[in-house]
Amino acid sequence: MIASTLSGLFCEAGGFHIDPWAPVERALITHAHSDHAAPGSRSYLCAEDGAAVLRRRLPDAHVETVPYGARLHIGGTQVSFHPAGHILGSSQIRVEHRGEVWVVSGDYKRQPDPTCSPFEPVRCDTFITEATFALPIYTWDPPSRVVDEIVEWWRANAGEERPSVLFCYVLGKAQRILAALRDRAIGPVHLHGAVAGLTDTYREAGIAMPPAERIAEDMRGKVLARSLVLAPLSARGTVWMRRLPRASIAFASGLMRVRGVRRQRAFDRGFVLSDHADWGALLATIAETGAARVLVTHGWSDALARYLSEERALETGTIRTAYEGEAGELTAATDES
Ligand SMILES: [Zn+2]
Ligand SMILES: [Zn+2]
């Protein structure tokens with residue numbers, strides 16, 4: 001019912017693509033990260049909650065929206081969007097045709113996130129799952145504990161008049177961290193320009209976050225000495241960092257679970273905080289869908305597909321994408337900026 005093509009996933013019965021990476025007639029979009037929302041298609045359809053960020057990312061696009069859970073008839077199919085818990089407005093897309101149900105997960109997580117609706121398990125026959133962190137080594141701590149660690153790190157640095165620069169994905173992760181700092185005594189918080197614009201979009205969508213000031217061109221020295229700064233990884237090693245002498249630098253990502261990666265990249269700290277499901281959550285979610293067939297994409301897809309067929313006796317396959325999401329975050333090409 002849904003096939004992998006050169007432009008991405010295609011549903012022939014409905015005449016639409018899902019998260020295509022090449023321009024198409026009709027694109028259904030799970031969420032606004034650049035590896036899922038490529039420019040140039042004639043029309044876009046996303047969940048209502050995700051429209052503001054998608055429009056910000058693709059300002060020239062014709063974007064239509066639908067509320068979570070509402071059924072649409074597209075061609076010979078019935079389509080609905082369901083929360084994926086990944087970033088604001090992120091969705092799984094459910095497609096039904098002649099009694100058969102497929103769900104395309106997009107990216108998803110099961111941990112609490114104050115900036116988006118929680119993941120909703122959807123029963124289906126075939127589940128297309130992501131596998132960004134599909135290895136048993138990837139297990140996440142409760143986010144509240146990670147936020148405690150961030151606050152302690154900031155406090156120690158502030159005591160020494162050193163800025164704390166926390167690199168993170170600019171769409172989703174930065175706002176999630178900021179929102180989680182709401183009831184903590186922390187501050188001031190400053191934002192790199194690439195984070196500030198998207199944070200404004202989240203605020204306009206009604207997401208509650210503490211105040212945070214955009215770093216202006218001439219801002220440096222004393223004003224930032226006790227600050228927590230949220231910035232994209234691409235800012236690292238650029239002249240922009242010169243305004244933050246003696247800064248302690250950290251990275252917030254699921255990748256920080258692997259100590260070697262943190263050392264190799266010479267971060268002072270690594271905070272294990274991901275917007276993707278960890279190994280246990282992937283397996284639990286796949287079981288909850290009741291799907292007999294699971295197609296795996298994004299990241300460690302071969303490893304997950306093999307495990308599911310050998311240990312869970314599921315019918316499996318893998319789907320290649322043009323991009324590889326958060327796992328590629330350490331390379332400049334996929335850094336969200
Ligand atoms: Zn994503
Ligand atoms: Zn992705």
Side-chain angles (χ1 to χ4, degrees), residues 2 4 7-9 17-22 27-39 44 46-47 49-58 81-93 103-111 113 115-119 127-135 138 140 143 167-177 194-195 198 201-202 207 232-234 252-255 273-278 281-282 285 295-304 318-337:
I2 295 174
S4 176
S7 312
L9 297 174
H17 287 76
I18 296 178
D19 291 354
W21 49 78
L28 273 53
I29 300 294
T30 61
H31 65 290
H33 277 149
S34 51
D35 55 327
H36 296 260
Y44 293 83
C46 71
D49 290 12
V53 264
L54 185 61
R55 288 192 175 114
R56 186 173 181 101
R57 275 297 173 83
L58 305 174
F81 288 63
H82 303 267
H86 173 60
I87 65 168
L88 178 61
S90 64
S91 305
Q92 310 167 71
I93 298 178
V103 169
V104 178
S105 76
D107 295 335
Y108 64 96
K109 72 171 175 292
R110 305 301 300 269
Q111 287 193 317
D113 178 341
T115 66
C116 60
S117 302
F119 180 96
F127 185 52
I128 301 184
T129 183
E130 62 132 323
T132 304
F133 289 109
L135 290 179
Y138 291 115
W140 311 148
F167 295 115
C168 52
Y169 239 26
V170 300
L171 172 53
K173 190 76 61 71
Q175 294 76 28
R176 180 187 182 194
I177 292 169
V195 175
L198 285 158
T201 306
Y202 267 58
I207 306 301
L233 192 54
S234 57
S253 168
L255 293 166
L273 189 70
S274 177
D275 286 330
H276 295 269
D278 66 5
L282 286 167
T285 302
L295 303 178
V296 189
T297 184
H298 255 64
W300 296 96
S301 39
D302 292 323
L304 181 56
T318 56
I319 296 171
R320 297 271 155 246
T321 61
Y323 308 93
E324 286 301 329
E326 192 180 331
E329 210 170 6
L330 286 172
T331 64
T334 54
D335 183 39
E336 290 282 350
S337 51

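Because only heavy atoms are used, hydrogens play no part in the values below, and waters and symmetry mates are left out as well, while side chains stay in. Atoms within a ligand are numbered from 1 in the order they appear, just like the ligands themselves.
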Kindly write out the residues that satisfy side chain to side chain donor-acceptor pair (under 3.5 Å) with [X], not counting sequence neighbours, or none if the list is empty.
X: T129; value: Y108
X: D49; value: none
X: D19; value: T30, H36

message = If you define the side chain from C-beta out and look only at heavy atoms, does anything of F133 sit under 4.5 Å from L282?
response =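 No; the side chains remain at least 4.5 Å from each other.
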
message = Please determine whether side chain to side chain donor-acceptor pair (under 3.5 Å) holds for the pair H298 and H276, giving the CA-CA distance in whole Å, both sets of side-chain angles, and the decisive distance to 0.1 Å.
response = CA-CA 11 Å; H298 255 64; H276 295 269; over 6 Å; no

request  = May I ask you to say whether K173 pairs ionically with D113, meaning some side-chain N is under 4.0 Å from a carboxylate O?
outcome  =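 Result for this pair is no, no salt bridge flagged.
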
query = By residue and atom, what protein N/O/S atoms are less than 2.8 Å from the Zn ion (ligand 1)?
reply =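 Hits for the Zn ion (ligand 1) below 2.8 Å: H31 NE2, H33 ND1, H86 NE2, D107 OD2.
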
